[in-house]
Number of protein chains: 2
Amino acid sequence: MTTSGFASQARFSAQARLRALQADIMDLILERDLEAGDPLPTENELALALGVGRNTLRESLKVLQALGVVEIRHGFGMFVAPSNFDALADGLTFRGRLSLRHKGGEALELVDVRQALESGLIGSAMDTMTSGQLAAVEESVIRMEELAAAGETFVEADSEFHRRLFEPLNNTLLISLLAVFWKVYRQIHLEVGGGTEDLTETAAVHRRIYEAVAQGDRSLAAERLNHHFDGIRNRITDAINE
Amino acid sequence: MTTSGFASQARFSAQARLRALQADIMDLILERDLEAGDPLPTENELALALGVGRNTLRESLKVLQALGVVEIRHGFGMFVAPSNFDALADGLTFRGRLSLRHKGGEALELVDVRQALESGLIGSAMDTMTSGQLAAVEESVIRMEELAAAGETFVEADSEFHRRLFEPLNNTLLISLLAVFWKVYRQIHLEVGGGTEDLTETAAVHRRIYEAVAQGDRSLAAERLNHHFDGIRNRITDAINE
DNA sequence: AACAGAAGGTGGGACATCCAATATTGTTTG
DNA sequence: CAAACAATATTGGATGTCCCACCTTCTGTT
């Protein structure tokens, strides 16, 4: 091992040592030119190579797993993972729930960020959107309308609508971030808002957004997206005030 | 314990069990109405309460620490943590470095997201910016110019400039995200670009952005921010093509 | 050829034991 | 009496060992 193995001899603070171990593991992946899907050494081999105990190594590995760096499969092995933001979603959800108990500031901050991203990027997305992608967006709207007519909630269709809206940008980081924000919002909404939303109205809002996109009117699409988020923001503030 | 203790008896997949443990800990924090800074039970107490071994508990705690949910202080105790996105930065940095070895796609995606956030929100930030905050922005620009004249790099001043630009929004999530993106970009830049940038030109770009903000011209500020990010994007593509 | 079972290797987990850092307490000392 | 120092209790940090659970693969039977 080249740069590794120093984690145990350093007299750094404990927090720094854990981070150093994580860095060592990531460096090892980079040094060996491993790509997503490639296998890592076994836990025992890694512990030996990095000069730490197996339990200590596992703590770092679990963190890396949570960060979406490695994928751990029981009884099979460990692998370089594809992007994964589930952990970020969990952390943000917790923060949101924690803040809702008092002022709810973080939940609103999250909506603000999501609004900036979606309103700000809808124009670029429309530029490269194909007719097939546009049809997929409408399909999501139709699904929402059908479910609304039947009185059923449409969590999945709603999420899908926003994902398809920005698929043309081919930006996986953006898609992941939006998915995280959507998931966190949904969790917070379930926690406080309950099922008090007007399904038909929500579906109609999405159809109006789709129509603006279909017409190629960038500013109108951005404006209607903003209006959509204003509604979300109001729902959160209402929930905070009980 | 109310909902806890079931983690060990469930025959779920290992991954699900770990996540369940994390959820148990977060639920415990929420149930006990703990706020940021409040102490958690000791490791032994928690392990006993949740019905898992201490090592298993620690693995979850380290993940929660990485997610910024808890703060662990050796020899003192564990506490509910204030927001902390360092771990996310590490994960993203790794992804960026990994992707740079091949096509560099993720690094460019990151710049796109950051550009959307900064260009999209600069207008709102200008609306609520006080004269004091504006002066702080200029102070950062001056620091950059001084350092550029002395031939020294100005990593900290650059980061500070962007942070102060969006401080008026009072959105800690946004500030954290931007800090993460900035840190990741910096790391990637050090990895490949080296110190090949024109310091004086970079400082001048920031001054032009400041001047647009000072004049209250929202569209000009957004445009100059966009230009700034175009330069960053070019630097990355140049680095990829060696 | 197809299926069933055994075997080996992998990660998952629990203890017990010791190390290290921090805060508190008690003692010494001026 | 007060300040400085030292001992101690408490807490997390780290390791080794043992066993369990899961997955793959091989192998032998049907």
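So you know, we letter chains A, B, ... as the sequences are listed, proteins then strands, and number each from 1.
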Nearest whole angstrom, please: distance from the [atom2] of [N] to the [atom1] of [X].
| X | N | atom1 | atom2 | answer |
| --- | --- | --- | --- | --- |
| A:F79 | C:dG11 | CZ | C1' | 11 Å |
| A:L61 | C:dG13 | CG | P | 13 Å |
| A:L46 | D:dT15 | CG | C1' | 17 Å |
| B:L48 | C:dG13 | CG | P | 18 Å |
| B:Q65 | D:dG13 | CD | C1' | 12 Å |
| A:L57 | D:dG13 | CG | C1' | 15 Å |
| B:E59 | D:dG12 | CD | P | 16 Å |
| B:L18 | C:dG11 | CG | P | 16 Å |

Among all residues two or more places apart in sequence or in another chain, which pass the salt bridge (Lys or Arg N to Asp or Glu O under 4.0 Å) test with [X]?
| X | result |
| --- | --- |
| B:E139 | B:R143, B:R164 |
| A:K62 | B:E59 |
| B:E43 | B:R54, B:R58 |
| B:D112 | B:R233 |

*Report the nucleotide, chosen from D:dA14, D:dC18, C:dA14, that has the shortest atom-to-atom distance to any side-chain atom of A:N55.*
C:dA14
*Name the closest nucleotide to the B:V52 side chain, picking from D:dT15, C:dG11, C:dA14.*
C:dA14
*asked:* Does C:dG12 have OP1 or OP2 under 4.0 Å away from a side-chain N or O of A:R58?
replied: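 Yes.
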*Could one point to a donor on the side chain of B:R54 or the base of C:dG13 with an acceptor on the other under 3.5 Å away?*
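Check fails, no donor-acceptor contact within cut-off.
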*Can you list the residues that meet the ring-ring contact (aromatic ring centres under 6.0 Å, His included) rule with B:Y185, with sequence neighbours excluded?*
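In terms of ring-ring contact (aromatic ring centres under 6.0 Å, His included), with neighbours along the sequence ignored, B:Y185 is linked to B:H189.
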Do any N or O atoms of the protein come closer than 3.5 Å to N or O atoms of nucleotides 5-10 of chain C, and which pairs are they?
unit_1: C:dG9; atom_1: N2; unit_2: A:G75; atom_2: O; d: 3.0

*Which word best sums up how the rings of A:H162 and A:F229 line up, parallel for under 30°, tilted for 30 to 60°, or perpendicular for over 60°?*
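Plane angle between 30° and 60°, so tilted.
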_Is there a side-chain contact between B:L165 and B:F161 in this structure, where contact means two heavy atoms from C-beta onward sitting under 4.5 Å apart?_
yes
